[in-house]
Number of protein chains: 2
Amino acid sequence: MKISSQEEYGLRVLLRIASCKDAEGISIPQLSEAEGLSSHYVAKLTRSLRLADIIKSTPGSKGGYLLARSASDIIIRDVLAELGGVMFDKGFCGRHNGIANLCTNSVNCSVRSLWRVVQVTVDRLLSKITLEDLLSSEKDSLHVLNSLVEV
Amino acid sequence: MKISSQEEYGLRVLLRIASCKDAEGISIPQLSEAEGLSSHYVAKLTRSLRLADIIKSTPGSKGGYLLARSASDIIIRDVLAELGGVMFDKGFCGRHNGIANLCTNSVNCSVRSLWRVVQVTVDRLLSKITLEDLLSSEKDSLHVLNSLVEV
DNA sequence: TTTTAACAAGACATAAAAGTAAACATTCAA
DNA sequence: TTGAATGTTTACTTTTATGTCTTGTTAAAA
């Protein structure tokens, strides 16, 4: 249960795009420079975000990336699901059944219940957070985020 | 942010050990058979758990594994930290700074705040759950676990 | 004391994720 | 219409996580 590189870098790139004031958007070279990532890698990340309809691109000279919708409509849960997948997805038990053909815990699987609870908890948290919440300065966003934890 | 194989299999093996009634404990071959994992792989998982003082072993013939302490004293957060590491650990930013030497977000890093909130939330949940909570049948443990979510 | 069944440890092979590179397509402007 | 700057796509390399294999150690019982 670790945060993947794609989640980290993808989210950073998305924040750069979101905070871009230019109507033409921000280009791959600019994102690459700002985050210290190779331009090819930035392209790979933006591709995921674009296919998920989180950002939009204009190719050609003077091209770049812009948010596909307003920051307050972009839910962080959706962004992370795109970048890093779901923690406990439908195929999980099928992929983790050892040598046997069926999950040996299929009847009495308390582990599965645990994952479900963790998943629900994280999902519930991330659903409350929008891209807009992350756009303020660290202090402010810390404040907003902490208020979610302190409930 | 996915559940790793070690977390899944390690927890299953731990549950088998915990539910073993035999005073001599349960052996690697038995665990291997029960979970459909190779005995070598089981050995690797039990090694982590043993080094973390979660289980104890008796080598030699008639050997096997037993819990190192009572199930109600084994916190699931500690078990998962051993098996899968911490979600957002101290070295995370250092490892994810791109080409630049320093995290380019060091001053104004709302992403870091986000990870912290997620980490705290999951930690808080997993700290409330003990191995004992997972030992009951699926229905029962679901009930116990769900009560934690429904707060 | 020897055999046997178990655990222990680290090296090795394989699979998946991360990151790079190269060839291509699109748009704007001169 | 040409070229420069941009995004797009696919294939490749490297790294990390996963799982296997080999060799060694321990302790009970014959």
Side-chain angles (χ1 to χ4, degrees), chain A residues 1-13 17 20 22-33 35-52 55-66 68 82-85 89 91-92 95-100, chain B residues 1-10 12-13 17 20 22-33 35-52 55-66 68 83-85 89 91-92 95-100:
Chain A
M1 214 154 52
K2 294 214 165 190
I3 290 152
S4 72
S5 296
Q6 276 206 66
E7 287 170 318
E8 167 75 12
Y9 293 136
L11 203 47
R12 282 199 209 161
V13 163
I17 295 170
C20 167
D22 193 330
E24 285 179 334
I26 182 170
S27 70
I28 287 180
Q30 288 174 310
L31 290 168
S32 166
E33 162 81 15
E35 287 299 335
L37 303 172
S38 80
S39 55
H40 290 297
Y41 190 33
V42 170
K44 193 173 188 169
L45 296 168
T46 51
R47 183 169 192 260
S48 299
L49 295 171
R50 180 176 51 82
L51 294 176
I55 61 176
K56 60 186 175 187
S57 66
T58 42
S61 179
K62 301 248 174 184
Y65 294 100
L66 287 169
E82 186 56 36
L83 292 169
D89 64 13
F92 185 85
R95 286 194 306 279
H96 294 86
N97 47 20
I99 295 163
Chain B
M1 216 153 52
K2 294 215 166 189
I3 291 153
S4 73
S5 296
Q6 277 205 65
E7 288 171 317
E8 167 74 13
Y9 293 135
R12 281 199 211 162
V13 164
I17 294 169
C20 168
D22 192 332
E24 286 181 333
I26 182 170
S27 69
I28 289 180
Q30 288 174 310
L31 290 168
S32 166
E33 162 81 14
E35 288 299 335
L37 304 171
S38 81
S39 55
H40 291 298
Y41 191 32
V42 170
K44 192 172 190 171
L45 296 168
T46 52
R47 183 167 190 259
S48 300
L49 294 171
R50 181 176 50 83
L51 293 176
I55 61 176
K56 60 186 175 187
S57 66
T58 42
S61 177
K62 299 250 173 181
Y65 294 100
L66 287 169
L83 293 169
D89 63 15
F92 186 86
R95 286 194 307 277
H96 293 87
N97 47 21
I99 295 163

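Naming convention: chains lettered A, B, ... in sequence-line order (proteins, then strands); numbering from 1 in each chain.
Here the C1' atom of nucleotide C/dC7 and the NZ atom of B/K44 are 16 Å apart, to the nearest Å. The CG-P distance, from B/L37 to D/dT18, rounds to 14 Å in whole Å. With rounding to whole Å, A/Y9 atom OH is found 10 Å from C/dA18 atom C1'. At whole-Å resolution of the value, CG in B/L83 and P in D/dG19 are 13 Å apart. Rounded to whole angstrom, the span from the CD atom of A/E24 across to the C1' atom of C/dT27 amounts to 11 Å. Computed from coordinates, the A/I28 CD1 to D/dG7 C1' distance equals 5 Å when rounded to whole Å. Summarising the geometry, the separation between CG on A/L49 and C1' on D/dG7 is reported as 14 Å, rounded to the nearest angstrom. The CG atom of A/L31 sits 16 Å away from the P atom of C/dG19 (whole-angstrom rounding).
Remark: B/S57 is not in phosphate contact with C/dC7, judged by side-chain N or O atoms under 4.0 Å from OP1 or OP2. Side-chain nitrogen and oxygen atoms of A/S5 include at least one within less than 4.0 Å of the OP1 or OP2 phosphate oxygen of C/dG19. For the pair A/R95 and C/dA15, the criterion of a side-chain N or O lying under 4.0 Å from OP1 or OP2 is not met. Side-chain N/O atoms of A/R47 include none lying less than 4.0 angstrom from OP1 or OP2 on D/dG7. Contact annotation: A/Y65 side-chain N/O to D/dT8 OP1/OP2 distance is under 4.0 Å. For B/R50 and C/dA8, the shortest distance from a side-chain N or O to OP1 or OP2 is below 4.0 Å. Between A/Q6 and C/dA18, a side-chain N or O to OP1/OP2 separation shorter than 4.0 Å is present.
Overall, the helix from C/dT1-D/dA30 to C/dA30-D/dT1 carries an axis bend of 10° between its ends, with five pairs at each end and the value rounded to 10°.
Side-chain contact between A/F92 and A/R95 is present, with heavy atoms from C-beta onward closer than 4.5 Å. A heavy-atom distance below 4.5 Å is not found between the side chains of A/C20 and A/Q30. Proximity of A/L37 to A/L45: side-chain heavy atoms (C-beta onward) are separated by under 4.5 Å at one or more points. Side-chain contact between A/E8 and A/L83 is absent, with no heavy atoms from C-beta onward closer than 4.5 Å.
You'll find that the side chain of B/P59 is closest to D/dT26, out of D/dT26, C/dG19, C/dT20. Side-chain proximity of A/S38 to D/dT8, C/dT20, D/dG19: nearest is C/dT20. Taking every side-chain heavy atom of B/K62 into account, D/dA29 is the closest of D/dA29, D/dG7, C/dG19. Relative to the side chain of A/H40, the nucleotides C/dA21, D/dT22, D/dT26 differ in distance, and C/dA21 lies closest. In this structure, of C/dA9, D/dA5, D/dG7, it is D/dA5 that holds the atom nearest to the side chain of A/S61. Here D/dT20 is the nucleotide among C/dA18, D/dT20, C/dA6 with the atom lying nearest to any side-chain atom of B/Y41.
Note on B/S4: only backbone sugar-phosphate atoms sit closer than 4.0 angstrom, heavy atoms only; bases stay farther off. Residue B/T46 is classed as having no contact, given no heavy-atom separation below 4.0 Å to the nucleic acid.
Checked by atom type and distance alone, the side chain of B/S4 never pairs as donor or acceptor with a backbone atom of A/M1 at under 3.5 Å. In this structure a side-chain-to-backbone donor-acceptor pair under 3.5 Å is present from B/T46 to B/V42.
Residue A/G63 is the one, among A/K2 and A/G63, whose nearest nucleotide of DNA chain D lies closer to the 5' end (criterion: closest heavy atom).
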- Query: Under the side-chain contact (heavy atoms from CB on, under 4.5 Å) criterion, do B/Y65 and B/L31 qualify, and how do the steps go?
  - Reply: CA-CA 10 Å; B/Y65 294 100; B/L31 290 168; 4.2 Å; yes
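Between A/K62 and A/D22 there is no salt bridge, since no side-chain nitrogen of the basic residue lies less than 4.0 Å from a carboxylate oxygen of the acidic one.
More than 12 heavy atoms of other shown residues, nucleotides or ligands fall within 6.0 angstrom of atom NZ in B/K2.
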